[in-house]
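These notes concern the structure reproduced below.
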Amino acid sequence: MCSSKMASPYLDNPVDIGAQIVQRALRRERVIRDKQNPLAFSDENLYERYRFSAEGMLYLCQLLEPHIKNPTRRSHATTVPQMICIALRFFASGTYLYEVGDAEKLSKNTVCRTIRRVVIALQRYLNSFVVFPGHFPTVAIQEGFSNIAGFPKVIGAIDCTHIPISTPVKEIEANYLNRKATHSLNVQITCDHQCMVTSLDARWPGSMHDNQIFEKSSLCQRFQEGLFDGLLVGDETYACQSFLMTPYPDPETIPQQDFNMALSQTRLKMDMTLAILKARFNCLRDLRVSPERASQIVGACVVLHNIATIRKERVPDEYYLPTDDDVDPITRDHPAGRAVRDVITAEYFTENSINSSLFERNVSY
């Protein structure tokens, strides 16, 4: 059984922490008020360029400073706020490095080194900010998912998404060709009811099928060991298992149709998470780097996404849910998975179970 309190040490009063950082920074007026300081702009301006408010960026400065600060200011070395802005501008825009350098008035080499340093620093916090089943108690996560469409015991939604990358070296190029004949990473992600990423596996090439990735993942192994009290929900690219619910491939009854509808509505949190993540960090739409570097950048963006969610940073004004059905379905459902699916359908999606639930709800009122 998993612990219900897997809270990040950075969750306590994040806004208060940001306020403390601002207060300390304001004491150094010549730094924070300097016209060359990249943080000396309005939140609207900062968000448009970097996807974080001033307090959010100052929080990132405090978090990453021990890992990225230059030991000296000789030769006009970049400051921590400048380094954070360079990296965030690349993540947010996804433009070429020389364009980021032109915008920040720095050389391409400086931009490249800086982004690399920030990415490695953010990777250090992957296990602090990305935890399964989440930063909330398990019961709260189950209630959050249940409130969407009445689907029981869900502690996470799962899916894979393809991140385009540069053409890898010839020896491994074919491995990264996906179904659309382009090169990509196939990245597995789970999320909670508040669109926080709760697990990440970004090491697989685009030719790998979603279900293969899950069965090889440590998350699957931990479920098989019985470490979690709850279910994942996924689409038809996954095989139905006792801990991973997928739709009926050919629903024959109204309860089975209702099961599929509730599962689809619950799973929508995963689509929203991916849409917000890619809208927040446009670089994920086309990473012109090697597979290894791409995997690290994906991890850095996921950490930033969770920090932004925890701190209630602004969600992108426009994000688009996937509309295509380009999936490769799995028909190899496990017998135990089919049995659990039938039990849930009988207990929660038949007419008697629905009437009973409504009666209990009315009595409680």
Side-chain angles (χ1 to χ4, degrees), residues 133 138-139 141-161 179 188-195 198 209-215 219-220 223 228-276 319-365:
T138 300
V139 172
I141 296 172
Q142 290 179 346
E143 289 178 354
F145 275 116
S146 178
N147 289 337
I148 298 171
F151 207 100
K153 298 199 70 176
V154 177
I155 58 174
I158 186 170
D159 202 358
C160 284
T161 185
R179 296 178 69 210
Q188 177 182 282
I189 288 179
T190 61
C191 72
D192 66 10
H193 60 295
Q194 293 197 350
C195 294
T198 54
H209 190 278
D210 297 4
N211 194 66
Q212 286 180 295
I213 292 175
F214 177 64
E215 291 185 343
L219 181 64
C220 180
F223 266 103
F228 303 116
D229 180 21
L231 303 169
L232 290 173
V233 288
D235 61 20
E236 58 269 32
T237 59
Y238 295 96
C240 185
Q241 302 191 49
S242 60
F243 47 80
L244 171 54
M245 291 294 99
T246 62
Y248 284 96
D250 297 299
E252 299 175 349
T253 66
I254 292 178
Q256 290 179 356
Q257 293 173 6
D258 291 342
F259 174 98
N260 280 9
M261 179 63 70
L263 186 146
S264 176
Q265 291 175 348
T266 305
R267 232 199 104 265
L268 194 60
K269 284 293 180 180
M270 185 73 257
D271 291 339
M272 291 176 62
T273 300
L274 292 174
I276 293 170
Y319 59 89
Y320 302 97
L321 300 179
T323 56
D324 63 340
D325 294 319
D326 184 21
V327 297
D328 188 7
I330 283 285
T331 57
R332 197 170 35 81
D333 289 337
H334 295 248
R338 290 197 298 266
V340 172
R341 184 165 59 192
D342 290 341
V343 168
I344 291 175
T345 301
E347 291 187 4
Y348 292 90
F349 298 103
T350 62
E351 185 176 353
N352 289 339
S353 65
I354 293 172
N355 290 337
S356 175
S357 176
L358 290 173
F359 173 76
E360 291 174 359
R361 192 174 300 175
N362 289 333
V363 168
S364 67
Y365 292 153

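- Looking only at distances, a side-chain donor or acceptor of Q212 sits under 3.5 Å from a matching main-chain atom of H209.
- Going from atom OG1 of T190 over to atom CG of L219 covers 6.0 Å, rounded to the nearest 0.5 Å.
- In terms of modelled atom types and a separation under 3.5 Å, the side chain of D192 and the main chain of I141 share no donor-acceptor contact.
- One distance of note links CG of D159 with OG1 of T161; it measures 7.5 Å at 0.5 Å rounding.
- Here OG1 of T266 is found 13.0 Å from CE of M245. Values are rounded to the nearest 0.5 Å.
- Using modelled atom types, one side-chain atom of R341 and one backbone atom of P247 make a donor-acceptor pair closer than 3.5 Å.
- Note: I254 CD1 to F349 CZ = 14.0 Å, rounded to the nearest 0.5 Å.
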What verdict does the side-chain hydrogen bond (donor to acceptor under 3.5 Å, both in side chains) test give for Q256 and N260, after you've listed the backbone C-alpha separation in whole Å, the side-chain angles of each residue and the deciding distance to 0.1 Å?
CA-CA 6 Å; Q256 290 179 356; N260 280 9; over 6 Å; no
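- Residues N211 and T237 fail the side-chain proximity criterion, which asks for heavy atoms closer than 4.5 Å.
- Inter-residue side-chain proximity for M270 and I189 is flagged as met; some heavy-atom pair is nearer than 4.5 Å.
- What you find for D333 and Y238 is that their closest heavy atoms are OD1-O, 4.3 Å.
- In this structure the side chain of M272 reaches within 4.5 angstrom of the side chain of Y319, judged on heavy atoms.
- Using a 4.5 Å heavy-atom threshold, the side chains of E236 and Y248 count as separate.
- Rounding to the nearest 0.5 Å places CG of L263 at 10.0 Å from CG of L231.
- Of all heavy-atom pairs between R267 and V233, the closest is CG-O, 3.9 Å.
- Of all heavy-atom pairs between F259 and T246, the closest is CE2-O, 3.5 Å.
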Do any side-chain atoms of residues 148-158 form donor-acceptor pairs under 3.5 angstrom with protein atoms, and if so which ones, sequence neighbours left out?
residue, atom, partner, partner atom, Å
K153, NZ, D229, OD1, 3.1

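- Within the 4.5 Å cutoff, no side-chain heavy atoms of T198 are placed close to those of P133.
- Here the closest non-hydrogen pair linking C195 and T273 is CA-OG1, 3.2 Å.
- G230 and Q142 get closest at one heavy-atom pair: CA-NE2, 3.9 Å.
- Closest of all the heavy-atom pairs between F214 and C220 is O-CB, 2.9 Å.
- In this structure, T253 OG1 and D258 CG are separated by 8.0 Å, a value rounded to the nearest 0.5 Å.
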